[in-house]
Amino acid sequence: MKIIGEKINGTRKRVALAIAGQDAPFIQELAQKQAAAGCAWLDVNAGTHPDREPDDLVWLIETIQQVVDTPLSLDSANPKALQTAIQAVKKTPLINSISGEPERLADILPIAARHGCPVIALAMDEKKIPETAERRFEVICKIRAAAGAQGLPDDRLYFDPLAMTLSTNTQSAQVAFETMRRVRQEFPQAHLTIGLSNISFGLPARSFVNRYFLSLAIQAGLDSAILDPLDRDIQAAILSTELILGRDNYCLNFIRASRKGLFEKPTEQGQPA
Ligand code: THG
């Protein structure tokens, strides 16, 4: 499982404040903690001011790169912001995200192709998020065809089947699993990812829902996820699930994590922020 660390996101209040005040140490601590927790990418989202997005994104990227060398996931649907951000990164970034919307495919796929970036593709188009797995898979096929035409192979595509909250549709996890199984079967080289916390929006006891959903999604073929890497219970869920599914040779990762104290009770201060 590759983890995309979610914490540097300008839609979070504390991060929005840090961006507005150019509080580099706050952002750098989030970057260092997430990198130390084993992220493959750090997601970087500059928030909700379209006019400021390119500048804010570049400030975040430069601030983060002063302290870690983990590749970044550029979380923006804005081609202008992405184009600017790509000039600022030291390592090939993940582009998060495109959708089946023709305009976004036309604007962003060439940027990804030119810079050799992997891309997250959401299973939705300009109309909306399809209700059924069948229709989500159709959108995925359309995006894959457009990506292939630009020279992007399957192994650079991370399909996000979209985890809509269970609080408004109790079948939404099933739809996501079915979409993932279909992608796994038809396009074995392609990757799957998901924004984990969406599934429990509006529900109590969200951390339980998130963890068990993650475990089942891994069985359905999920091989990466956007989540809080500082949440030890999530890390323990991933390690246990991979062990159970026979994906941890000699149980090495599990035992190593145990020796590092991952399964011990959190300290009095609780978990790291
Ligand atoms: N798919 C893709 N990209 C995504 C998402 C997705 N990017 C954004 C989002 N969804 C995933 N990222 C986050 C980042 C932070 C939080 C949730 C999702 C978060 N939420 C707090 C909570 O859940 O309690 C509340 C906010 C706060 O801390 O202020 O932290 O689905 N491709």
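Atoms within each ligand, like the ligands themselves, are counted from 1 in listed order. Worth knowing before you read on, the calculation uses all heavy atoms, side chains too, and leaves out hydrogens, waters and symmetry mates.
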Chemist: Is it the case that ligand 1 has an N or O less than 3.5 angstrom from some N or O of N45?
Modeler: no
Chemist: Considering only heavy atoms, does L162 approach ligand 1 within less than 4.0 Å through its side chain, its backbone, both, or neither?
Modeler: neither
Chemist: What residue and heavy atom of the protein are closest to atom 11 (C) of ligand 1, and at what distance?
Modeler: I226 CG2, 3.8 Å
Chemist: Hey, is atom 7 (N) of ligand 1 under 4.0 Å from any protein heavy atom?
Modeler: yes
Chemist: Look at atom 17 (C) of ligand 1 and say which protein heavy atom is nearest, naming residue and atom and giving the distance to 0.1 Å.
Modeler: S197 OG, 3.4 Å
Chemist: For atom 24 (O) of ligand 1, what is the closest protein heavy atom, and at what distance to 0.1 Å?
Modeler: R206 NH1, 4.1 Å
Chemist: Quick check on Q87: does its CD atom have over 12 non-hydrogen neighbours (other residues, nucleotides or ligands) under 6.0 Å away?
Modeler: yes
Chemist: Looking at non-hydrogen atoms alone, which of N198, L94, V15 comes nearest to atom 10 (N) of ligand 1?
Modeler: N198
Chemist: Quick one: OH on Y250 to CG on L243, what's the gap to the nearest 0.5 Å?
Modeler: 14.5 Å
Chemist: With a 4.0 Å cut-off on N to O distance, would you call D223 and R247 a salt bridge?
Modeler: no
Chemist: Counting only nitrogen or oxygen atoms and a 3.5 angstrom limit, does S97 reach ligand 1?
Modeler: no
Chemist: Looking at CD of E131 and CD of Q171, how far apart are the two atoms once the value is rounded to the nearest 0.5 Å?
Modeler: 11.5 Å
Chemist: Quick check on the hydrophobic clustering: are I108 and Y158 connected, directly or via other members, by side-chain heavy-atom contacts under 4.5 Å?
Modeler: no
Chemist: Atom CG in L227, atom CD in Q34: separation rounded to 0.5 Å?
Modeler: 9.5 Å
Chemist: With a 4.0 Å cut-off, strictly under, does atom 15 (C) of ligand 1 pick up any protein heavy atom?
Modeler: yes
Chemist: Report yes if D160 has an N/O atom closer than 3.5 Å to an N/O atom of ligand 1; otherwise report no.
Modeler: yes
Chemist: Assess, by modelled atom type and distance only, whether the side chains of S76 and N78 contain a donor and an acceptor separated by less than 3.5 Å.
Modeler: no
Chemist: Please determine whether ring-ring contact (aromatic ring centres under 6.0 Å, His included) holds for the pair F137 and F159, giving the CA-CA distance in whole Å, both sets of side-chain angles, and the decisive distance to 0.1 Å.
Modeler: CA-CA 10 Å; F137 184 70; F159 292 112; 8.6 Å; no
Chemist: Whether E134 and R182 form a salt bridge (side-chain N of Lys/Arg under 4.0 Å from carboxylate O of Asp/Glu) is what I want to check.
Modeler: yes
Chemist: Other residues, nucleotides and ligands only: do more than 12 of their heavy atoms fall within 6.0 Å of CE on M164?
Modeler: no
Chemist: Quick one: look up the protein heavy atom nearest atom 3 (N) of ligand 1 and list residue, atom name and how far away it is.
Modeler: N96 ND2, 3.1 Å
Chemist: Does atom 21 (C) of ligand 1 have a protein non-hydrogen atom under 4.0 Å from it?
Modeler: no
Chemist: Looking at I120, which atoms of ligand 1 are within less than 4.0 Å of one of its heavy atoms?
Modeler: 32 (N)
Chemist: Might you point out which heavy atoms bring A31 and I64 nearest each other, and give the distance in Å?
Modeler: CB-CG2, 3.8 Å
Chemist: For N9, counting its heavy atoms only, list the atoms of ligand 1 lying under 4.0 Å from any of them.
Modeler: 8 (C), 12 (N), 14 (C)
Chemist: At what distance is the nearest protein heavy atom to atom 18 (C) of ligand 1, and which residue and atom is it?
Modeler: E6 OE1, 3.4 Å
Chemist: Record the part of L122 in heavy-atom contact with ligand 1 below 4.0 Å; permitted values are side chain, backbone, both and neither.
Modeler: side chain
Chemist: Heavy atoms only: which of M164, K7, R12 is nearest to atom 28 (O) of ligand 1?
Modeler: R12
Chemist: Could you tell me, atom by atom, which parts of ligand 1 come under 4.0 Å of a heavy atom of K13?
Modeler: 29 (O)
